[in-house]
There are 2 protein chains.
Amino acid sequence: MPGDAGATIKEIAQRANVSVATVSRVLNNSANVRPAVRDRVLAIVNEIGYEPDPIARSLRTQATFTVGFIIRDLVDTVFSTMAQGVDNVLRQQNYTLLLSTSSHDPERDAHQLATLRSRRVDGFILAISEESSPALIAEVRKTSKPIVLLDREMEGTATDAVLTDYLSGTRDAITYLKSLGHRRIGYIGGALTIRPGRERLRAFTLAMREAGLEPRESDTFVGSFLQDFGAESCARLLDQADPPTALLAAGNQIGVGVLQALRERGARVPDDLSLICLDDVDLFRHGNPPVTVISRPFERIGELAANRLLERIRNADQVEHQQIFVPTTLVIRESCQAVSA
Amino acid sequence: MPGDAGATIKEIAQRANVSVATVSRVLNNSANVRPAVRDRVLAIVNEIGYEPDPIARSLRTQATFTVGFIIRDLVDTVFSTMAQGVDNVLRQQNYTLLLSTSSHDPERDAHQLATLRSRRVDGFILAISEESSPALIAEVRKTSKPIVLLDREMEGTATDAVLTDYLSGTRDAITYLKSLGHRRIGYIGGALTIRPGRERLRAFTLAMREAGLEPRESDTFVGSFLQDFGAESCARLLDQADPPTALLAAGNQIGVGVLQALRERGARVPDDLSLICLDDVDLFRHGNPPVTVISRPFERIGELAANRLLERIRNADQVEHQQIFVPTTLVIRESCQAVSA
DNA sequence: CTGTTAGCGCATTCAA
DNA sequence: TTGAATGCGCTAACAG
């Protein structure tokens, strides 16, 4: 009897001897309903465990109480933890999360965005894989629903964003390394086609100069955020006749690759190379040695994005688009040491 | 003009000089429609980029092309990677994933299940945090939609399941340790209230006996899957006057806790303790030393579950409930060594 | 304060 | 092969 289909507003109305309109009113505790009637209806609702059909409701109201979230993948802890943050607030606010991954493919980003749009989600949180994909930008423009970008920037689109301030933590990292006597500091980072790639490099360069150090072109590698790139770049870095004494791996998978490369050639951290990684994940936190990292609160970032989105959904007439900045911090562990020479 | 709302079937009908019924027919390529008419309609559909409203469609058909997935959290790589697997197949089949976490709380499991049910998802994939929660069981029973359990068992519920065969890998692990000369092998595992807790312990015990070894009660710790429990148990294990020479950490977070405890007391792997962990995550794969693990294909498991669910959704009249078993394998790395004595 | 009515966009029965 | 009419379950005018 208590199958999925459930009772309808009509049955409640009959049982309570009122019209469906009245039932609807008490259900949406709107307008004026005589308390006696209200209670009577509510009693019946509870009795038969009535639940309004959100589909029918959505058809009428054009609101679905759902949020679409697109990320490149769920395997990377950084993204899945952000997703956890998003879910934390959505769940608490009775929104449902429609999650979908794009496999680092901007075409898929666009396609998933279209799909979620057709599903009439009330808003989007996007951590797309390519900021300047025309298909994607077109798709974003088609959407009239609010969008919050996660550490991304898209020119000419009306979006809010939660952005990481990489400079704060990077500056501390460079200062720290300098205090240990390091002068040559290498850098391995991802593609400049998304904000993290650009901004991390910019932060590094700026922090170096502020510290009176000039980053060398031969010590900085910019390519992809993937592990392989980290490994290759690290190998090339160390192949130099006179390699740097310290390295900033600007991406957690890059860091994994670096560790792998180091291990393969029997180089030891921090004895042979001082290492700082960006993004604090299990491997760095609990590794041997534990790796000093530039850290940011992934889960919190997801929560901020979700909160921002819900605010805008509820307050659609806002004009100003917000950018929320999240600072990074240096967490010192045991992967750096003073230069001996 | 190309807002979210979009055109309706009615507009198409007018433009094509046919009835809405006919448009609906070509859209669902059903029944008999004269080719000429069909082409005319399709042309207009393409021209104005019409997309049917899934909400309205769902209201009518009672199908939503959505799947609800409930897991305890997205932070643990094991779960988020399974979620990736689920998404892989759903996305490819034009289903949308409604994801929701329960924070290890069976009440929340039940609540989220109710929420997703009320959203009329076409089916569920569940990795709940407590198999015998009455609220949860009640909620599961209320559902007429198909359910696939992820490494869980619920008595008296009509569900399919994708189950891990822990014995295969565990047997190899014990055999391997025995071949290295180990006789005393410790075990740390999670609560017996969910299948992984029970089944891993059973596999361990069985494998030990098959190897002619008797697990000692003082060497086996069963409590929770969390890191803290792993750390505490490991400490207590090593506090023994004559501790075991090898340890099976039956859970990835437990393994993290073990590593942490080991590190804190300056114990080295594998010199002071041979270690095998269950579930292959970054920290073990790329740690120093890399940890020998019992491994299973997380992403594949998610895919299997999703495929199974879609099959059942499309073929609702199946009677037999399937259990799909996924084997585990031993991946030997560098965390075990032969006993010296 | 409450009931009647219309319609959200679509699929589907029944006639034609 | 096609069209007219009905209703999925609900909300929102509009009357009363």
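Quick note on labels: first sequence line is chain A, next is B, and so on, each numbered from 1. Every heavy atom of this structure was used, including side-chain atoms; hydrogens, water molecules and symmetry mates were not.
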side-chain N/O B:Thr22 vs D:dG3 OP1/OP2, d < 4.0 Å:
yes
Test salt bridge (Lys or Arg N to Asp or Glu O under 4.0 Å) applied to B:Glu139 and B:Arg117, step by step:
CA-CA 9 Å; B:Glu139 208 54 62; B:Arg117 193 162 55 83; 2.6 Å; yes
Roughly how many Å is it from CD in A:Glu51 to P in D:dC10, rounded to a whole number?
11 Å
To the nearest 0.5 Å, tell me how far B:Ile44 CD1 sits from B:Tyr50 OH.
13.0 Å
Without decimals, in angstroms, what is the distance between B:Asn17 CG and D:dT2 P?
13 Å
Checking C:dG9, D:dC10, C:dA11 against the side chain of B:Arg57 (C-beta onward), the nearest is C:dA11
From CD1 of A:Ile12 across to P of C:dG3 the rounded distance in Å is 15 Å
Assuming nearest nucleotide by heavy-atom distance, tell me which of A:Leu27 and B:Pro35 is located more 5' along DNA chain D.
B:Pro35
Residue A:Ser19, side-chain atoms from C-beta onward, closest of C:dT4, C:dG9, D:dG3
C:dT4
Is any side-chain heavy atom of A:Thr66 closer than 4.5 Å to a side-chain heavy atom of A:Arg119?
no
Nearest-Å distance, CD (A:Gln62) to C1' (C:dC10)?
13 Å
To the side chain of A:Ser24, which of C:dC10, D:dA12, D:dT11 is closest?
D:dT11
Just verifying a value: how many Å separate A:His111 NE2 and A:Thr115 OG1, rounded to the nearest 0.5 Å?
4.0 Å
Rounded distance (Å) that lies between atom C1' of C:dC10 and atom CG of B:Asn29:
16 Å
With B:Val67 as partner, the option from B:Leu98, B:Thr96, B:Ile313 fulfilling side chain to side chain contact (heavy atoms under 4.5 Å, CB included) is B:Ile313
Nucleotide nearest A:Thr8 when distance is taken to its side chain, options D:dC10, C:dG9, C:dT2
D:dC10
What about B:Arg25: does its side chain form a donor-acceptor pair under 3.5 Å with the base of D:dG3?
yes
Which part of the nucleic acid, if any, lies within contact of B:Val23, taking any heavy atom under 4.0 Å across all strands shown: a base, the sugar-phosphate backbone alone, or nothing?
nothing
For B:Gln14 and C:dC10, what is the distance between atoms CD and P respectively, to the nearest whole Å?
13 Å
May I ask you to check whether over 12 heavy atoms, not counting those of B:Gln93, lie within 6.0 Å of atom CD?
yes
Rounding to a whole Å, what distance do you find between A:Arg120:CZ and C:dC8:P?
14 Å
Choosing from C:dA11, C:dT12, C:dG3, which nucleotide comes nearest the side chain of B:Ile9?
C:dA11
Between D:dT11, D:dG3, C:dG9, which nucleotide gets closest to the side-chain atoms of B:Arg60?
C:dG9
Among the nucleotides D:dT11, D:dG9, C:dT12, whichever has the atom closest to the side chain of A:Leu59 is D:dG9
Spacing between B:Lys10 atom NZ and C:dA6 atom P, to the nearest angstrom:
14 Å
Assign each of B:Ile55 and A:Val37 the nucleotide of DNA chain C bearing its closest heavy atom; nearer the 5' end lies the nucleotide of A:Val37
Closest approach to the side chain of A:Tyr50, judged atom by atom: which nucleotide of D:dG9, D:dT2, C:dA11 is it?
D:dG9
